[in-house]
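Just so it is clear: chains get the letters A, B, ... in the order the sequence lines come, proteins before strands, and each one is counted from 1. Heavy atoms only: backbone and side chains are in, while hydrogens, waters and symmetry mates are out.
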2 protein chains.
Amino acid sequence: MKKSIECPFQKVFPSQLEKGDLFFMQLAYNEAVNAWTRDEVPVGAVIAMGEEVVASAFNETRTQSDPSAHAEMIAITMAAKSVGDWRLNDCRLYVTKEPCPMCAGATVMSRLGEVHFAVDDPKMGALGGATSLHELPFSNHKPKVFRQTMELECREMLQAFFKLQRKST
Amino acid sequence: MKKSIECPFQKVFPSQLEKGDLFFMQLAYNEAVNAWTRDEVPVGAVIAMGEEVVASAFNETRTQSDPSAHAEMIAITMAAKSVGDWRLNDCRLYVTKEPCPMCAGATVMSRLGEVHFAVDDPKMGALGGATSLHELPFSNHKPKVFRQTMELECREMLQAFFKLQRKST
């Protein structure tokens with residue numbers, strides 16, 4: 001049994017005056033802090049439509065004992081309910097780590113307009129890292145992908161989490 | 001608004017004496033019938049551990065207005081709860097159509113031991129069709145993939161569904 005470790009990172013309080021990509025990624029970062037405080041791998045996700053947040057979630061795989069309960073999956077389900085349509089073409093996903101194959105696949109299936117992620121994952125990332133599911137040749141939908149907003153902060157949090165987890169075992 | 005069309009396919013009643021791959025795919029086929037009767041694209045999925053069914057589900061994207069409510073995703077979540085572990089290494093998924101990128105990704109993330117699918121999908125299938133998520137070079141887990149059990153029956157049902165849908169619009 002791994003020991004629970006207090007999150008050494010603080011939430012940020014972005015200005016409400018400039019609701020650009022940094023603003024929404026900061027909200028996703030705060031969700032990653034929420035994940036850590038519940039002993040989950042700290043990944044957070046926010047979905048925005050225009051200037052409005054339509055979904056906000058963090059990784060809950062451990063809490064829910066569900067391998068599909070990644071932050072992005074929960075946020076996509078939430079956004080579809082919130083928008084009242086499973087097609088999320090007008091929405092943008094902000095997530096602190098490059099989506100895995102499941103979540104990247106979900107961004108294609110839900111027709112998400114844009115995906116912004118902070119930290120690359122060359123091992124299991126599926127939007128340019130290990131594979132490129134947003135560029136499948138016969139796909140009806142190809143989300144636009146943007147990377148590196150808040151990369152340093154999100155990477156630092158993930159690395160610290162895994163380092164402390166290894167120490168505590 | 002599309003008109004609802006009665007399902008012209010009957011459920012099958014497999015013998016309980018031989019619980020091989022055909023048996024479990026027949027149960028998945030029955031779930032596809034369940035999907036059709038609810039106006040959903042007829043895809044069904046069953047997860048087995050040894051001779052026991054630990055999850056059984058059908059596509060519910062329309063009913064739930066959730067782009068992630070594919071038969072495989074629902075079955076994986078259900079199996080993890082049923083088995084009491086998110087790692088499904090000892091489980092086998094039977095599904096009537098080749099999994100999409102999201103669902104194929106979920107078979108990797110949940111460490112499913114085997115995936116058996118009936119109908120190939122060269123356009124969006126992600127276990128050999130349009131891409132091969134079970135063969136990502138750096139992945140910790142590579143599910144074994146088997147194809148074509150009950151291929152004709154499952155293909156006939158999918159083709160009939162889409163043909164009748166086009167006619168009814």
Side-chain angles (χ1 to χ4, degrees), chain A residues 41 47 55 59-70 72-89 91 99-112 121-127 129-143, chain B residues 41 47 55 59-70 72-89 91 99-112 121-127 129-143:
Chain A
V41 174
I47 297 179
N59 175 36
E60 296 192 39
T61 45
R62 209 175 290 184
T63 318
Q64 291 195 25
S65 296
D66 181 353
S68 79
H70 284 190
E72 302 95 310
M73 297 301 295
I74 300 170
I76 286 170
T77 297
M78 202 183 279
K81 293 209 190 309
S82 164
V83 171
D85 193 341
W86 63 265
R87 297 170 207 83
L88 302 177
N89 301 65
C91 293
C100 77
M102 169 180 68
C103 296
T107 68
V108 176
M109 303 316 286
S110 64
R111 305 197 188 164
L112 257 161
D121 181 357
K123 192 178 160 196
M124 286 305 283
L127 294 177
T131 185
S132 295
L133 295 179
H134 59 306
E135 290 172 346
L136 288 178
F138 305 117
S139 180
N140 282 334
H141 182 72
K142 297 176 184 173
Chain B
V41 173
I47 296 179
N59 175 36
E60 295 192 39
T61 45
R62 210 174 291 185
T63 318
Q64 292 196 23
S65 295
D66 181 353
S68 79
H70 284 190
E72 303 96 310
M73 297 301 296
I74 299 170
I76 287 170
T77 297
M78 201 184 279
K81 293 208 190 307
S82 165
V83 170
D85 194 341
W86 64 265
R87 297 171 206 84
L88 302 176
N89 301 64
C91 293
C100 76
M102 169 180 67
C103 296
T107 69
V108 176
M109 302 317 287
S110 63
R111 304 197 189 166
L112 257 160
D121 182 356
K123 192 179 159 195
M124 287 304 285
L127 294 177
T131 185
S132 295
L133 295 179
H134 59 305
E135 290 173 346
L136 288 178
F138 304 116
S139 180
N140 281 334
H141 182 72
K142 296 176 184 174

* Nearest 0.5 Å please: distance from the OG atom of B:S68 over to the CD atom of A:E72. => 12.0 Å

* Work out which heavy atom in B:W86 is nearest to a heavy atom in A:P67; give both atom names and the distance. => CB-CD, 3.6 Å

* Structure fact -> Rounded to the nearest 0.5 Å, the CZ atom of A:R87 sits from the OG atom of B:S65 at a distance of 9.5 Å

* Asked: So do B:T77 and A:Q64 actually touch side chain to side chain, heavy atoms under 4.5 Å?
  -> no

* Does any heavy atom of chain A fall under 4.5 Å from the side chain of B:P122, the backbone, both, or neither of them? -> backbone

* Asked: Of the listed residues (B:H70, B:K123, B:R111), which shares the most heavy-atom pairs with chain A below a 4.5 Å separation?
  -> B:K123

* **Residues A:N140, B:M124; criterion side-chain contact (heavy atoms from CB on, under 4.5 Å); working and verdict** => CA-CA 9 Å; A:N140 282 334; B:M124 287 304 285; over 6 Å; no

* **Most chain B-contacting option - heavy-atom pairs closer than 4.5 Å, from A:G105, A:P99, A:S110** => A:G105

* Min side-chain heavy-atom separation A:P101-B:V108 under 4.5 Å -> no

* Which bit of B:S139 comes within less than 4.5 Å of chain A, counting heavy atoms only: side chain, backbone, both or neither? -> both

* Asked: Contact part of B:M109 toward chain A, heavy-atom cut-off under 4.5 Å: side chain, backbone, both or neither?
  -> both

* Among the options B:A79, B:A106, B:A69, B:A80, pick out the one with the most heavy-atom pairs lying under 4.5 Å from chain A. => B:A106

